[in-house]
Amino acid sequence: MKKKQLKETFKHLFFNAVTLVLLLALIPAFIIILIHPVNFQKYQIKLNKKVLNKTEISSYKDLNYDGKQEYIYLNNYTNRTLSMLIYTSDMEHTGQYNSEYYMPDALSRNKIYCEDIDNDSIKEIIYFSQNKDSLFLSIFSYKELKFLLKERFITTIGLNGKHDYDYNWLTSVDINNDNVKEIYFSVIAGYALYPRKLFRYDLAHDSLITSPDVGAKQFAKSFTSESGKLIFLSGSRAADNCHNGFPFAYKDSCVWFFVYDKDLKFITAPERFAGKPSSITDIYKYGENYTAIFINLGTYGENNEILIINPKGKIINRINTPIKSKYENLINLKIGKKYHFFIAENSLDNIFYFEFFPEKQVFKETRLSKKLNGYQPPYIFDIDKDNEDEFFLISFVDNSLYLYRNNLTNEVKVPVDADFRGIENISSKVIDKDIKIIITTKSKVYFYDYFENPNYRFQYLFWIIIYLVSIFFVWLVQLIPKRIEKKQSDLKNKIINLQLKNTQNQLDPHFTFNALNVVASKIYKEDRNTAYDLFERFSRLMRSSLAFSDKIFRPLSDELQFTEDYLEFQKSRFIKVFDYSISVDEDINPEKTEIPKMLIQGFAENCVKHAFKGIQYKGKIIIAVKKEEGETIITIEDNGIGIKQSQINNPVPDSGYGMVTMQEQISLINKLYKKEIVIDVTNKSMNNTSLIGTLISIRL
């Protein structure tokens, strides 16, 4: 039963100790993991270079469908004409191709488009140029390295002398089955007001058609219905820029919803949504239908609504949303199979997104993590060509750019300058697993490498190693004091054993028998006072030995009393052999000064046993304690035969408290307590031949 209890107790103590180490190790491990310099993000992005972007644009495009991206560079050559440089995927320069006109004023939205127009499995390069108030279209063959169309006039810009506008690619489709695709794009003016419409250009017949002129600032998207028909759905923004004399219908004092067919004619009458400022800016396909969102930031007009649009472009359902007018930024995006509405409050303090399921007409509102607070809606682009879009978010908190994967995870901070404001264009090139990204802003073009972090896969291994190292560290921290404590305990025990050995030597049966004989002799001689005094001293010796048996130090007063009692007994035994004297300086407090026990007594014993053998005169032992320069000096002096003669007389040391034992004891005490006790033993005759005896000096 006792064995079982002992075993259970041991198991309990062991598991408690192990649990304590494991728990304590979590603290340094957690701190190291938080502050370690190793980057374990799944993805990393590195800035290679940046250039000023006043008259140039760069883009990666896969022109020959080989999975490798060629490099296209446009700039205003000598600030007069537009120059295009093309490099292969191996960065070989194919040549420079110049246009007569310059880069468009719509530089903030300047883009290079690439489409296989003539179905020869090689994409053509499509771009716009400008001369004064006129916009021109160029189409360049990468296969033949020549222009298929060079600066074909498209439209004039502006009704009021302004040239601010944007152009956007819509789609390319072979409408008339002549094996050459028609291209669709939009040109939307800002304060310039004109044009605000869609265009279709037929390269094979050099024909250009447009949608009707409208005053609404449109945001069109192209879709192919289940029946194969091409349809264009376009929302707009109510900016209220059109003046009273504006010549076209559908002014931007409210939002309009337009539906166009392949010939850019209205399929249905434009639908009006009252309220300003307000917008329908994002339209997406959802199953067989389409979905859009109307946001009204004004104080009157329609409520915020989700619009469900059938394949013919007819709005078949308008669903009130939980999205209130306080939301000023919104983008409708699709993540996986879910549709999300990404929304920022006016104050930009918080960002929400809503999951919407049109069939159930259910919204699920989610506030994004605090880390995303203060972001505008994302810029969407498939940088790794895996058919899933990544998101670039601009933070208004620190004016920084962040890149997220399709599921809004794996955040990477993109290095940009302090004057960074927004993204105008993004292109990317995939080389093995590394991705090269070009980001164009209003003022600069940034070139980046985006890649999987090789350290990512070792993140958890690193954490485990850190935790194991922390366990070892905690165990070591606990072990070292124990080892030091054990070492000190061993030294202490060794010192005590040495001192105990000396005590036993002094109080062994032989000494005790001699002491009692002396007392008995005094009683027999009726010297009761002396007998009583000796008996009291003997009692003190015994009591002191027991009281300090487990201690290394004791007060100087107790050590001197012990030495005096011992010497008094020996003096009573060896009558007229020696006398002794003990003195202490007045500036020393014997009660508060501690010294190793048996230190003085041990040397006094050696004097009694060895110093006075064979002398014809009375011996003298002088013990003095004094203070010199902050040190306590103890001297034990005799007028005996000296050390050299004593060694001749006693070649083999007896069982007394020898010098070797004393030196060993002092050495251990110095080591254990970091003290400096110095013992110096000299023949007095070495310094003065007229002197005899030994001088022992102890410095504390």
Side-chain angles (χ1 to χ4, degrees), residues 166 168-171 184 186 188 196-198 211 214 216-226 229-239 250 252 254-261 264 266-298 301-325 327-335 337-344 352-365 377-380 389:
D166 191 11
N168 288 289
W169 181 264
L170 294 177
T171 189
Y184 290 85
S186 65
I188 308 297
R196 292 180 171 180
K197 57 185 178 180
L198 283 57
S211 64
V214 298
K217 189 174 182 180
Q218 300 186 66
F219 300 92
K221 279 192 174 183
S222 65
F223 299 95
T224 302
S225 66
E226 299 294 328
K229 289 186 177 181
L230 185 63
I231 187 172
F232 295 89
L233 305 179
S234 180
S236 69
R237 177 171 291 158
Y250 311 116
D252 63 357
C254 62
V255 168
W256 295 92
F257 179 71
F258 304 100
V259 184
Y260 302 96
D261 64 11
L264 301 182
F266 291 136
I267 294 177
T268 60
E271 192 159 350
R272 180 179 184 273
F273 291 79
K276 61 181 177 182
S278 55
S279 64
I280 298 175
T281 57
D282 290 285
I283 303 170
Y284 284 84
K285 190 170 179 60
Y286 194 92
E288 292 183 358
N289 297 321
Y290 309 98
T291 180
I293 185 167
F294 169 71
I295 291 293
N296 184 0
L297 299 177
E302 312 287 345
N303 294 324
N304 297 332
E305 295 175 325
I306 297 291
L307 310 177
I308 307 300
I309 306 154
N310 71 12
K312 294 182 179 180
K314 179 71 175 176
I315 297 175
I316 58 175
N317 201 358
R318 295 169 66 157
I319 307 163
N320 285 332
T321 76
I323 305 168
K324 306 303 179 185
S325 61
Y327 300 109
E328 68 172 8
N329 293 309
L330 177 138
I331 192 165
N332 180 2
L333 57 95
K334 183 179 179 183
I335 300 178
K337 295 182 179 180
K338 298 179 182 178
Y339 282 78
H340 297 252
F341 300 97
F342 208 104
I343 302 158
F352 300 82
Y353 73 83
F354 295 83
E355 292 179 8
F356 173 61
F357 306 89
E359 297 89 347
K360 299 179 181 179
Q361 297 185 12
V362 173
F363 288 87
K364 180 182 177 183
E365 178 182 347
Y379 189 102
I380 303 171
D389 290 329

Rounded to the nearest 0.5 Å, what's the gap from [atom1] on [X] to [atom2] on [Y]? Could you check?
X    : Y    : atom1 : atom2 : value
L297 : N304 : CG    : CG    : 7.5 Å
L230 : T224 : CG    : OG1   : 5.5 Å
S278 : D252 : OG    : CG    : 10.0 Å
K314 : T268 : NZ    : OG1   : 6.5 Å

Which of I315, T291, I316, N289 passes side-chain contact (heavy atoms from CB on, under 4.5 Å) with I309? Answer is I315

Taken in chain and number order and not counting sequence neighbours, the residues that satisfy salt bridge (charged side-chain N to carboxylate O under 4.0 Å, His left out) with R318 are E271, E302, E305

If you take all heavy atoms of [X] and [Y], which pair is closest and at what distance?
X    : Y    : answer
L233 : G313 : CD2-CA, 4.1 Å
K276 : A238 : CB-CB, 4.0 Å
I280 : A292 : CG2-CB, 4.1 Å
A274 : C254 : CA-CB, 4.4 Å

So, do [X] and [Y] sit near enough that their side-chain heavy atoms are less than 4.5 Å apart?
X    : Y    : value
I231 : V259 : yes
R272 : W256 : yes
N168 : F219 : no
N296 : F273 : no

Going by the angle between their ring planes, with limits at 30° and 60°, are F266 and F258 parallel, tilted or perpendicular?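 Ring orientation, 0 to 90° scale: parallel.
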
Margin query: Show, in sequence, the C-alpha distance, side-chain angles and deciding distance for L264 and Y184, and conclude whether the side-chain contact (heavy atoms from CB on, under 4.5 Å) test is met.
Written below: CA-CA 9 Å; L264 301 182; Y184 290 85; 3.9 Å; yes

With sequence neighbours excluded, residues passing ring pair (Phe, Tyr, Trp, His ring centres under 6.0 Å) with F223:
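Residues passing ring pair (Phe, Tyr, Trp, His ring centres under 6.0 Å) with F223: Y290.
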
Requested in this report: Not counting sequence neighbours, which residues clear ring pair (Phe, Tyr, Trp, His ring centres under 6.0 Å) with F257? List them please.
Outcome: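 Per chain and number, F257 pairs via ring pair (Phe, Tyr, Trp, His ring centres under 6.0 Å) with no residue.
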
Using atom types as modelled and distance alone, determine if a side-chain donor or acceptor of S222 lies under 3.5 Å from a backbone N or O of L170.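 Yes; judged by distance alone, with no hydrogens or angles, the pair exists.
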
Q.
Strictly distance-based, threshold 3.5 Å: is any side-chain N or O of Q218 a donor or acceptor partner for the main-chain N or O of R196?
A. yes

